[in-house]
Structures are given as C-alpha cells and as structure tokens.
Amino acid sequence: MLKHLHPNSTPPERLVILGASGFVGKSVATMAAQEKINTLLLSSRDVDLTAAKAVDQLVDLLTPQDSVIFCAAIDKGSSSGSEIFMQNIAMARHVSAALQRIAVKHLIYISSDSVYGFETSLISEKTPPCPASLYGAMHRAREIILATETKVPLAVLRLTGIYGAGDTHNAYGPNRFWREVKEHSKIILFGEGEEMRDHLYVADVAWLILQTTQHGSTGLLNLAAGGSLSFRQVAEMIAAQTGAVIQTAPRRQPITHRHFDITARLMPSRPFSRKY
Amino acid sequence: MTHLGLNSAVAAAERGFQIVCYDPDATLIRQLNADQAPVQEPQLLELMAKNKSRLEFLSDVAALKSCDVIYVAPDVATDDQGNSDLSMLEKLLSVAFENTSHETTIIVLSQVPPGFCRAHGRPGRPLIYQVETLIFGQAIARALNPERYILGLADAAAPLPPAYEKFLQGHGNPPLFPMRYESAELAKIAINCCLVSAVSTANTLAEICEKIGADWHDIIPTLKADRRIGPYSYLAPGLGISGGNLERDLNTIIALADQHGTDAGVVRAWVGNSQYRKGWPLRMLGEYVFSKTKDPAIGILGLTYKENTHSVKNSPSVALIRQLTPYTIKAFDPAIPSQPDWHPNLTNSPTAADAIQDSDVLLILTAWPEFKDLNLTEIAELMRGKTVIDPYGLLNRMQMQQAGLQHITLGTEPNFSQAC
C-alpha cells in the first residue's frame, strides 16, 4: 500500500523519466506534457544505463529536486535469457549508484506483476513475490537493489499486462491480437483461451504513475484494473469490432489464472480511486 | 470490573452467590455503585439492579480476605496484531495472592497463552485456570448457563477445592472438564480456531456465490443439518473476524508454531482471509459507487463490531470510515456515537433517518436488529442515490427491488447493477 506525502496533488518540480521512449515512458511523458509538468526525458540514446559511465552521466543530469520514474528495461519477452537479466540488473545498479551520490526527492520504480508466481490466483500487495521467470526475478532484484541501496523515498508500482497503441512488445494478449488481425485478419488462441488475466489501459497506467509522483507516494502498489477477462473474451471483443476469425492452437503451458485484489488502490486517497 | 469480570459477577449473583467486586479504579467503582455499567450487554443493568444486595462494588482490597474463591478476570487488551498485554492480569493476580489466605482458591478467568498459569503459580497456593467463552452480546446468558466448564489445574488428578466446586455446580450443574493447565489454555484457543475455520470457510464460499449466481443463504441450512457440522456452527458470511479475542488466539497459535517449528499455514490463511474480507465494503464502493458518482455522500448505519455491544475493537465499520478520508459521511449507531478522530468529515447522526438523508450510498455495517425494521420506501425517498450495501442481508431483497434500490449483500449477487 502507498503512503502519500502530499494529500493534495502537488506537481513535481521536475519529472525525470528513465526509459522515456518505451511504451510506458512515452505514455507518461505525453500525459505529463499535457499537464504542463516540467520533464527531463531520457532514453537509451541519451544515457545507456547498461554502461558504467551512466552513473556519472546521471549525477550530472539529476538535481535533488527531481522526481525520477525508472521505467527503463530491456524486455525480450519470454526469450529473455541470463544475458538480458544481467544487463537489466546492471541498469539498476547504475541508477542506484547515481542516486547514492545525488539523492533525488522521489523515485518511482516501474515493476511488473511477473514478480508473483501462479500459486495463488488472487494477487494483492501482501502476496509474497515468487517469480517464475528471469524477467520477474529481474524486477524483484531491482526492487530490492533500489530499496536497500538508496535512501530516496521509493514507490514500487507493479504493473499487470498493459495494452494500448504504441506497444513495442508482442506478448500474448490484446496487443498481439490486434496485430494478428491487422496482418492476417485472424486471432490465434492457445487452447480455448481460458486463462483469466487483468488488462490495464496504458493511459490509465500513465495517470496512476503521475498520481504517484504528484502525491509523493511511497510504498508498494499493484497497478491493475481489478477485473480479469479470459483471453477468449478479449479476442471476441476484438473480433466483434473487426470481423476477424478466432482460431485455436495447441496449448503450450498449463492453464493459469490471475486476478487482482485492488483494495489497496481504493484505500489511500481520492486520486487513486477515481476515474472520470 | 471489565467486560468479563462484571458480567461473570452479575450472573453469579443472579445464581444466588454473594459477590465482592473489586477494582483498583475508584471512579469505576463509583460508577457501578451508581448503577451504571461501563459495558453494554443484554440483561446486565436489569440483573445488576435485581441483585444489588448480593453485589458489593469496592476498591478496598481488604474485602478480598473474606472470600473463599477469587476470580481474576480483567479483559486482556490486544494490539492491532493481536498481541496480548498481560500486565494488568499479572498485577491483579499479585493483588489476589498477597491479600488472601493460603486456603483461598484463585481462578484465572482472563484469556491467557499456554504456559501462563504454570509460570504464575505460587507454591502452596491453589490456582486454577477456568476457560471463559464470553460472546459479546450474550455474556450474561452464557455466564448464567454455561455449556461446560473447562478447568486447568496444576495436577489434573487433584480434587477441586470444595467451595469452588460448589460455586460451579451452582450454575446449573454443567459438565466439568478438568485437565492440565496447558491443555485448558490451549482448549480455549482450539475452540476459537474451530470457530474461525467455519467463518473462513463461509466467507470463502460466500464470495464464490457472489460471482457465480449461487446464494450462500440457500446453502447454510444444508450444512447445519449435517451432523458433522451442526446447527450452531458459524456459517453466516461476514466481514472478517473482529473483536480482538479470535485474532489474539490466531496470533498465539502462529507464534507457538513458529517457536516450535510446526505448520501454521492454515492459520495464516485464516488471518489473510479475514483481512481480505474486511475490504469487501470498500471494494463494493469502488465497483458500484466511486467509479460512477463524483463526491458521493455516504450514510453508515452501525459502528460497533457486532450487534448488542458497545465495542468497536477491529470494527469493520470504523475501519472503513478511516479509509474514506476524502468523502463526507454521516453515521448512526444505537449504542455509541462516532468519534471525531476517525474521520475529518464525519457527522454523528442522532437517528438512522438522519444518516440516510441525502446519501448517495447507504452502508449497514452492524447487524443491529432495529435496522431490519427500516422502512424501505422511506429509505428510497430519503436517499439521493439508490445503492444500499447491506453485507449481512438485514433488508428484504425483494422489497428493496420494489423500492427501486440496488441491494448489495454478502453471499449473493447484487440485485441489479444500474443504480447510483
């Protein structure tokens, strides 16, 4: 659960986004611009966080008044191996080293629900992390690195699967379904698409991240819609709009379900429970 | 002279025994002598008045000298994690030992962790642990007619002191279960674990009912008709365990299991289920109100953790109020007023109708019997919105629908979802 430093919305003096060209970072940057928040957008073209020199570069770029959103990661999906894992850990180590030299005002780390296993289908902030993939282990390790090595007030936001225009990934779910429709006029489900998942719209993710910055929030929050749909339900929604055909392919993995208990998001304050 | 001590004393007086009621708090004693009780229980004030000649309330410890049996019965306070503060019990136990003769039987009636009595006994002094099964709202009735007495003794084979045995038999001659201290101390916790197990099962299955179109209330009678479960089992869906006593026992079992390396996974699951279930009203507000109505005015009926009590310990109602900081709330409870430190915009309503007036959503969070008699047409007219969150199903669902109100209750699907 998050605790809020500012009960009322207080824009950060400057918002620094590490990973500003990614799916989430770009969406946050767009919304921050709409809200006229002063931003510094950094992508791998500006600072290669995997390189050791990133520490000095960040120290030069950051100020103690900054609020930093760390959403940079190398994501190769399920094919991510130990090499990608080590690069991602290196990025966190370099960010951590920089923040030990220049303590910014606030750090928001964008993590993932992949830190949770599938032993329990209803996830809350009290669910113990138990990553089943290197990708999940990477996010959990980064959370711990940032929480233990820096003294910066930290919010960890664990994102469920997100969808929306501009997604660079091709993970099984709404974005891939749209791509399949666009390219082949069909959607391929594994098995019957029974798996239940929570899907969050990227603009809602950006809004929630900005709320976290504007309230100086610290702690842990899962970002999820709170209502799960099966992949078949999602596919049928898309098919109904496009006329695409739904086909099935043999299942590769056992059926798993994931739901979120979003009570913690409803608790803390008005901004996290309201959408108009 | 707290909840446990006072109700036990009044019940014993009703059974014909002469009772000395000692408490070091002189203010409390003055209050009791003025016929005012610090706690609310059905029949308590009536029986206090009826048995006034048998009840002596005082702060003079010398009066204990005349007693054959001394009950030490302070309520043991717990913190938010269910950890007990035994300091008052230890203090009063010392008072009892030091101000009575060696023949006096001293009974610990307060809830204690296993090992307490063995550790606090004194050589040559009779000390017995008597398991209490006080239920808030039924304290007098249960003290008058106990189902059984579970007795913890230093030596389970030793006979009971005659004066104490006579006292117990004077309560309707219930069955006695003498055993070692440790067994009796754990027996009390075992009873509560079985209760929580039933409550947790009911809550888990009731939530599934809410999702799949089943009605948990249809299922309850079938379970109660099963001899292995029984007619008195705790199967009503609720908002998690409250009141402090059950939480304390679960905490004790987890601590013992951790200390001794035994598996307490199921007990941790009960605790988790209880915490999750407490969030039910907030989740319903999120789903049916916050997402649809800007700045909803919230009416709340019921503040105590259950009906027929003044206690708000771990009350779901108070917990919810504390989580609704941005909103305006009016609240009414028949037993207690709301407290200003619970919420910055909380109005204490003098009547249920006042709390309902102009609310966008009404929550009935304590199952006080009088709420069952609320006129649904009047509720519909008083409210600005249409959503009624009634976890315990006090109001009639069909009549709610006829009055145009959305009824959200535990254990079954909402009656419709377009309101508010």
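Proteins get letters first, then strands, A, B, ... in listed order; numbering begins at 1 in each. Nothing here was measured: the structure is a model prediction, and the numbers come from that model.
- Between atom CD of residue Gln323(B) and atom CE of residue Met1(A) there is a gap of 7.0 Å, rounded to the nearest 0.5 Å.
- Taking 4.5 Å as the heavy-atom cut-off, none of the residues of residues 252-270 of chain B approach chain A.
- Looking at Glu287(B), neither its backbone nor its side chain comes within 4.5 Å of chain A, counting heavy atoms on both sides.
- In this structure, Lys26(A) places its NZ atom where only 12 or fewer heavy-atom neighbours from other residues, nucleotides or ligands lie under 6.0 Å away.
- The line from CG of Leu282(B) to CD1 of Ile262(A) is 9.0 Å long, rounded to the nearest 0.5 Å.
- With contacts defined as side-chain heavy-atom distances shorter than 4.5 Å, the pair Arg283(B)/Asp261(A) qualifies.
- Crowding of Gln253(A) atom CD: a count of heavy atoms from other residues, nucleotides or ligands under 6.0 Å not exceeding 12.
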